Amino acid sequence: MKRKIILASHHKLATGLADTLNFISNNAADVTDLAAYMDNVPVDQQVEKLMGTISDDTEVIILTDMLAGSVNQQFFKYRERPHTHIISGMNLPLALAIALEPADKEITSKRMEELVEQAKETIVYVNEMTVEADDDDE
């Protein structure tokens, strides 16, 4: 089974994330970005056109920027499509983890939940971090 990762957002966030993901992962996955509101094409038409290009036997992982956003809402109707996962709140660690999953086996719902939890752990309020001094560095 083939796997396709779709990064979808308002404006250019998805495009930048796709470029970075492809660079870091050395193009390890089939990644497509959808940057809504960059032209006069309605989002529903962009999503329908993109999803229409994907064969039924392809696993699709859709990462969107915001749960209540219009981009996520347009993908919502595909949540019951076989072999499809939709995750809102995309970030680079999540996209990278998905891209590096073994391509020869479908990602289960349980595994996707684990990847989402791992990605949540990468969101840190850095101001509250403490730095321990290492005496060996002096």
Side-chain angles (χ1 to χ4, degrees):
M1 174 172 289
K2 293 188 243 172
R3 178 180 300 146
K4 179 175 229 22
I5 299 172
I6 298 172
L7 305 175
S9 70
H10 298 80
H11 298 284
K12 296 181 183 181
L13 176 63
T15 304
L17 185 60
D19 288 345
T20 303
L21 176 60
N22 284 328
F23 176 75
I24 291 174
S25 72
N26 196 27
N27 298 305
D30 179 4
V31 178
T32 298
D33 64 283
L34 185 148
Y37 305 108
M38 296 302 297
D39 52 28
N40 289 327
V41 179
V43 179
D44 61 333
Q45 290 177 17
Q46 288 180 295
V47 170
E48 192 171 316
K49 180 179 178 185
L50 174 59
M51 293 302 290
T53 66
I54 302 170
S55 66
D56 291 341
D57 64 340
T58 298
E59 179 182 28
V60 180
I61 294 103
I62 302 162
L63 304 179
T64 67
D65 55 353
M66 297 188 330
L67 180 61
S70 58
V71 174
N72 190 73
Q73 296 305 312
Q74 292 305 316
F75 279 105
F76 187 77
K77 64 184 171 188
Y78 296 98
R79 72 193 181 287
E80 293 182 7
R81 177 193 176 276
H83 318 295
T84 302
H85 302 277
I86 304 171
I87 298 106
S88 178
M90 67 182 177
N91 66 22
L92 182 57
L94 176 59
L96 185 59
I98 292 168
L100 297 178
E101 279 291 297
D104 60 341
K105 121 180 168 182
E106 189 171 358
I107 300 175
T108 65
S109 294
K110 184 178 186 290
R111 179 62 181 146
M112 192 58 73
E113 289 173 5
E114 292 170 353
L115 294 172
V116 168
E117 284 304 312
Q118 290 171 6
K120 287 179 183 178
E121 293 173 9
T122 67
I123 300 172
V124 177
Y125 182 44
V126 176
N127 289 26
E128 296 297 318
M129 292 179 69
T130 58
V131 178
E132 295 183 26
D134 187 354
D135 292 335
D136 294 338
D137 287 346
E138 294 181 28

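Heavy atoms only: backbone and side chains are in, while hydrogens, waters and symmetry mates are out. These numbers come from a predicted model, not from an experiment.
Listed by chain and residue number, Y37 satisfy the ring-ring contact (aromatic ring centres under 6.0 Å, His included) test with H10 (two or more places apart in sequence, or in another chain). Qualifying side chain to side chain contact (heavy atoms under 4.5 Å, CB included) partners for D39, counting only residues two or more places apart in sequence or in other chains: V41, Q46. Shown here are the side chain to side chain contact (heavy atoms under 4.5 Å, CB included) partners of K49, two or more places apart in sequence or in another chain: there are none. Scanning for side chain to side chain donor-acceptor pair (under 3.5 Å) contacts around T84 gives R81, with sequence neighbours left out. By the side chain to side chain contact (heavy atoms under 4.5 Å, CB included) test, F23 is found to be paired with no residue, residues two or more places apart in sequence or in another chain being considered. L92 pairs by the side chain to side chain contact (heavy atoms under 4.5 Å, CB included) definition with L17, T20, L21, I24, not counting sequence neighbours.
Listed by first and then second residue, the ring pair (Phe, Tyr, Trp, His ring centres under 6.0 Å) pairs involving residues 94-117 amount to none (not counting sequence neighbours). Sequence neighbours left out, the pairs with a member in residues 56-72 that pass salt bridge (charged side-chain N to carboxylate O under 4.0 Å, His left out) are R3-E59. Within the structure, no pair that satisfies the ring pair (Phe, Tyr, Trp, His ring centres under 6.0 Å) test touches residues 77-109, not counting sequence neighbours. Residue pairs meeting the salt bridge (charged side-chain N to carboxylate O under 4.0 Å, His left out) criterion with at least one member in residues 15-31, sequence neighbours excluded: K4-D30.
M129 belongs to a hydrophobic cluster whose other members, connected by ILVMFWY side-chain contacts under 4.5 Å either directly or through intermediates, are V124, V126.
Counting non-hydrogen atoms of neighbouring residues, nucleotides and ligands closer than 6.0 angstrom, the CG atom of N40 reaches no more than 12 such neighbours. Within a 6.0 Å radius of NZ in K77, more than 12 heavy atoms belonging to other residues, nucleotides or ligands are found.
Ion pair K110/E113 not flagged as a salt bridge, since none of the NZ, NE, NH1 or NH2 atoms sits closer than 4.0 Å to an Asp/Glu carboxylate oxygen.
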Please table the atom pairs, donor to acceptor, closer than 3.5 Å between any side-chain atom in residues 96-105 and protein atoms at least two apart or in another chain.
residue	atom	partner	partner atom	Å
E101	OE1	R111	NE	3.3
E101	OE2	R111	NE	3.3
E101	OE2	R111	NH2	2.8

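No donor-acceptor distance shorter than 3.5 angstrom exists from the side chain of T64 to the backbone of N72, with no hydrogens or angles considered. Listed for the E114 side chain is no donor-acceptor partner under 3.5 Å among the backbone atoms of S109.
Both F75 and I54 are assigned to one and the same hydrophobic cluster, defined by single-linkage of ILVMFWY side chains at heavy-atom distances under 4.5 Å.
The only option from L67, I62, I61, L115 that meets the side-chain contact (heavy atoms from CB on, under 4.5 Å) definition with I87 turns out to be I61.
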